[in-house]
Each structure stands twice: as C-alpha cells, then as structure tokens.
Amino acid sequence: MNLDELIKALQHEPADKIIREGFHRPHSYRGHYDQLAFEPLMNARVGDMLEAAQGSLGRVFIGYKGGDFMMGPYTGCNLAHYGSCGDELSERLLRYMLADEVTA
C-alpha cells in the first residue's frame with residue numbers, strides 16, 4: 001500500500017474511532033530507506049493515524065544509516081519500530097486493523 005492509498009483509506013473512517021492496533025511516529029523504514037514506516041501503537045485513534053500519514057507526505061526523513069528520503073504519494077508503507085524491519089502495510093492488513101474497534 002502506498003502513502004496516498006493509506007491516506008484515502010483513513011479519510012473514509014471516523015476520526016474519533018479507536019482501534020486496538022494502529023500506528024504513529026512515521027520514519028524512514030529500516031528495510032528500505034526510501035519507504036515509510038510507522039511505529040505500532042495500541043488503542044490508536046484513526047484521526048491521529050491520518051494526521052501522521054498526511055504529515056509524512058512531502059516530508060524528508062533521514063535513513064537509518066544516513067541519506068535523505070522524501071516521502072511522496074507512491075511511497076510504500078510499513079509497520080515497524082525505528083531501526084527494525086517489520087511488516088508491509090497492505091490493504092488487507094489495514095482493513096483488519098480498522099475492523100478491530102475498541103468499544104467502551
């Protein structure tokens with residue numbers, strides 16, 4: 001899933017929706033520095049996830065071992081802690097994440 005697809009998918013969800021497993025803190029992905037990664041976050045608000053994704057668009061991140069990488073609409077997205085490899089953020093994975101809503 002690329003960054004543009006991620007943003008569009010999140011825009012279709014209620015901003016105040018809280019999901020069990022979401023993400024925050026965007027950074028250059030350890031596996032491919034020219035890709036984006038978000039750190040996993042429990043009980044994440046969709047509006048905050050959207051803000052993190054939108055805030056990454058056009059932003060330059062420093063690769064784990066150096067180099068500057070600008071994230072654009074076609075940049076691939078992953079879930080990983082900084083400095084670690086993780087999982088590709090696919091349309092299917094995002095759909096499962098968004099379906100696991102936390103209820104009071």
* Among residues two or more places apart or on two chains, list those pairs meeting salt bridge (Lys or Arg N to Asp or Glu O under 4.0 Å) that have a residue in residues 82-97. => E91-R95
* To do: Write out all pairs satisfying ring-ring contact (aromatic ring centres under 6.0 Å, His included) with one or both partners inside residues 35-64, taking only residues at least two apart or from two chains.
  => F23-F38, Y64-Y82
* Asked: side chain to side chain donor-acceptor pair (under 3.5 Å): which pairs involve residues 65-76, sequence neighbours left out?
  -> none
* What pairs meet the side chain to side chain donor-acceptor pair (under 3.5 Å) rule with one or both residues in residues 38-58, with sequence neighbours excluded? -> R45-D48
* To do: Report yes if some heavy atom in the side chain of L36 is under 4.5 Å from a heavy atom in the side chain of L6; otherwise report no.
  => no
Can you list the residues that meet the side-chain hydrogen bond (donor to acceptor under 3.5 Å, both in side chains) rule with [X], with sequence neighbours excluded?
| X | value |
| --- | --- |
| D34 | none |
| D4 | K8 |
| E13 | K17 |
| D100 | R20 |

* Asked: Linking Ile, Leu, Val, Met, Phe, Trp and Tyr by side-chain heavy atoms under 4.5 Å, what else ends up with L41?
  -> none
* Structure fact -> For M70, the hydrophobic cluster (side chain heavy atoms closer than 4.5 Å, chained through members) also holds V60
* Asked: How long is the gap from SG on C77 to CG on L93, to the nearest 0.5 Å?
  -> 11.5 Å
